[in-house]
Peer 1: 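Here it is, the structure in full.
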Amino acid sequence: MSQEKVIVLDFGGQYNQLIARRVRECNVYCEVYPHSISIEKIRQMQPKGIIFTGGPNSAYLEDSPICSKEIFELGIPILGICYGAQVMAHLLGGSVKTAPTSEYGKTEVAIHASSALFTGVSPDTVCWMSHTDYIEAPPAGFQITGHTPVCPVAAMECPQRSLYATQFHPEVMHTAQGQLMLSNFVRNICGCAGDWKMDSFVESTILAIREKVGSGKVLCALSGGVDSSVAAVILAKAVGKQLTCVFVDHGLLRKNEGDEVESVFGPDGPYDLNFIRVNAQERFYRRLAGITEPEEKRKVIGEEFIRVFEEEAKKIGAVDYLVQGTIYPDVIESGLGKSATIKSHHNVGGLPEYVDFKEIVEPLRLLFKDEVRQAGRELGIPEYLVSRQPFPGPGLGIRIIGEVTAEKVKIVQNADAIYREEIANAGLGKEISQYFAALTNMRSVGVMGDERTYDYAVALRAVTTTDFMTAECAEIPFAVLQKVMNRVVNEVKGVNRVVYDLTSKPPGTIEFE
Ligand code: XMP
């Protein structure tokens, strides 16, 4: 991995990931660490720069997250953002207080162009503010480099010590020239060369894994999703035949998906690895017979998946490493502690207890979803795999309301394939975050060629979202929906009605169960 990196110290703000993201967009490698990281660890890492994130606390209160004052003596440039700016001011003897009025939203900030942080930024630039406390007076030796009518210290710096701070958030897109400010910080102030690229990440990760794994045996549970596919290819490139990928086809995948995965990872594909496809369709259908309650279905699918995987793992015997396709947002989420369980998500995350291995390898741990896709493209993985939309672990099992049967799986697979084909034909794929067909458990009367029918209704779902926590129904042109309807009722046996789900999330969820 590139030596040149900037680290972000997380003080609990909602934009911590975004800061890392923006820095990487400057082609500088960046990682996020808890604010409590030791000074010793920072010294060892030798970052070229440090960024303090925002956060919801008040820097002057006793229990608020803070870092050691020693950090300012390391000689490493630091940029404090929002709460991070207040932490800097507070620790160095400035005054931080509750502001007379809080500022929230787009705000014009008068900035001083002489600051190296603001090179090329216009003097009255629009920035995103979100604070109730403010810096009333900067520490000794600092100069004020930006202000608003409410905020006397919207930016401050001590260039002699390479310390910079902004009350506003340069990382969010509402700060018109925020990316330029971050680039000024990492390039001009920290002196980063900015030569980090995805191909260098892929290359150095392969080398690092090769070194770590040595002649050890590696096992990977391949789901066919983007993350596990990219992780598997990285491992395959690093250690070849020492890797065994187990792909459990639970019969709840999209149409042709099992074969697509096999064509990439199987013996006819381009990679030199051991590939085991377990055709467990019948076994899953048998276990699911008669089960209608959504959580029960999820539980059964999850348990059965683990059982099948465990049986395969036993055949392979002890392995040294288990690969997981964990990506950066998973790391952050699991670090924060989850709120109430709305649905029990089934992921390979539960596997380690069941498999005999020494250590987990997570080659994508530091990447965001679109960076994972980019890495996949670098690795030459086919586009249809790399750009795949999210697909839940329990698969079509939770897109068939009520009991799952082989017949219903066929219906939903065929309807979904038509839907996806027409969305692609209309060129809408990139605008919609997730779209799929589901089988309602409802049958209704229809008429087809003078015959009375009593068949299923298929529901089409399409949403736009950035975080999948909230979502809006996508506005698909009526003509496209009509075409899908026409094709589904004509081509999919057992369906005589098609409905479009308009529900946003909340109150709905994206999946039906
Ligand atoms: P919901 O239905 O909760 O879905 O609004 C939000 C996102 O999560 C995906 N999802 C899952 N992903 N295992 C997964 O890996 C699961 O059990 C699961 N359930 C839902 C869903 O497809 C959507 O993208």
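Computed over heavy atoms, backbone and side chain alike; hydrogens, waters and symmetry mates excluded. Both counts, for ligands and for their atoms, begin at 1 and track the order of listing.
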Peer 1: Do Val230 and Leu379 make a side-chain contact, defined as non-hydrogen atoms from C-beta onward lying under 4.5 Å apart?
Peer 2: yes
Peer 1: What atoms of ligand 1 come closer than 4.0 angstrom to any heavy atom of Pro394?
Peer 2: 13 (N), 16 (C), 17 (O)
Peer 1: Does a side-chain N-to-carboxylate-O contact under 4.0 Å join Glu257 and Arg388?
Peer 2: yes
Peer 1: Side chain of Tyr419, backbone of Arg461: donor and acceptor closer than 3.5 Å?
Peer 2: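 Side chain of Tyr419 to backbone of Arg461: a pair is present.
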Peer 1: Before you tell me yes or no, could you show the steps for Phe52 and Phe11 under ring pair (Phe, Tyr, Trp, His ring centres under 6.0 Å), namely the whole-Å CA-CA distance, both residues' side-chain angles and the distance that decides it to 0.1 Å?
Peer 2: CA-CA 7 Å; Phe52 293 176; Phe11 285 93; 5.4 Å; yes
Peer 1: For atom 11 (C) of ligand 1, tell me which residue out of Ser223, Pro392, Gly225 has the closest non-hydrogen atom.
Peer 2: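 Result: the heavy atom closest to atom 11 (C) of ligand 1 is in Pro392.
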Peer 1: By number and element, which atoms of ligand 1 are closer than 4.0 Å to a non-hydrogen atom of Phe468?
Peer 2: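 With Phe468 as reference, the close atoms of ligand 1 come out as 6 (C), 24 (O).
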Peer 1: Please state which part of Pro390 comes within less than 4.0 Å of ligand 1, counting heavy atoms only: side chain, backbone, both or neither.
Peer 2: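 Under 4.0 Å from ligand 1, Pro390 contributes side-chain atoms alone.
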Peer 1: I need the atoms of ligand 1 closer than 4.0 Å to a non-hydrogen atom of Thr509, numbered in the order shown.
Peer 2: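 Contacts of ligand 1 toward Thr509, numbered from 1: 1 (P), 2 (O), 5 (O).
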Peer 1: Give every residue pair that meets the ring-ring contact (aromatic ring centres under 6.0 Å, His included) criterion with at least one member in residues 454-503, sequence neighbours excluded.
Peer 2: none
Peer 1: Is any side-chain heavy atom of Asn279 closer than 4.5 Å to a side-chain heavy atom of Arg277?
Peer 2: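 A side-chain contact exists here, since the closest heavy-atom pair is under 4.5 Å.
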Peer 1: Please check whether Ile398 reaches ligand 1 - meaning an N/O of the residue sits under 3.5 Å from an N/O of the ligand, judged on distance alone.
Peer 2: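 Such a contact does not occur with ligand 1.
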Peer 1: Nearest non-hydrogen atom to atom 5 (O) of ligand 1 belongs to which of Gln434, Gln389, Lys505, Glu511?
Peer 2: Lys505
Peer 1: Which word best sums up how the rings of Tyr29 and Phe201 line up, parallel for under 30°, tilted for 30 to 60°, or perpendicular for over 60°?
Peer 2: parallel
Peer 1: Quick check: Arg399 and ligand 1, any N/O pair under 3.5 Å apart?
Peer 2: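 Among all N and O atoms of Arg399, none is under 3.5 Å from an N or O of ligand 1.
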Peer 1: Any N or O of Gly393 that comes nearer than 3.5 Å to an N or O of ligand 1?
Peer 2: yes
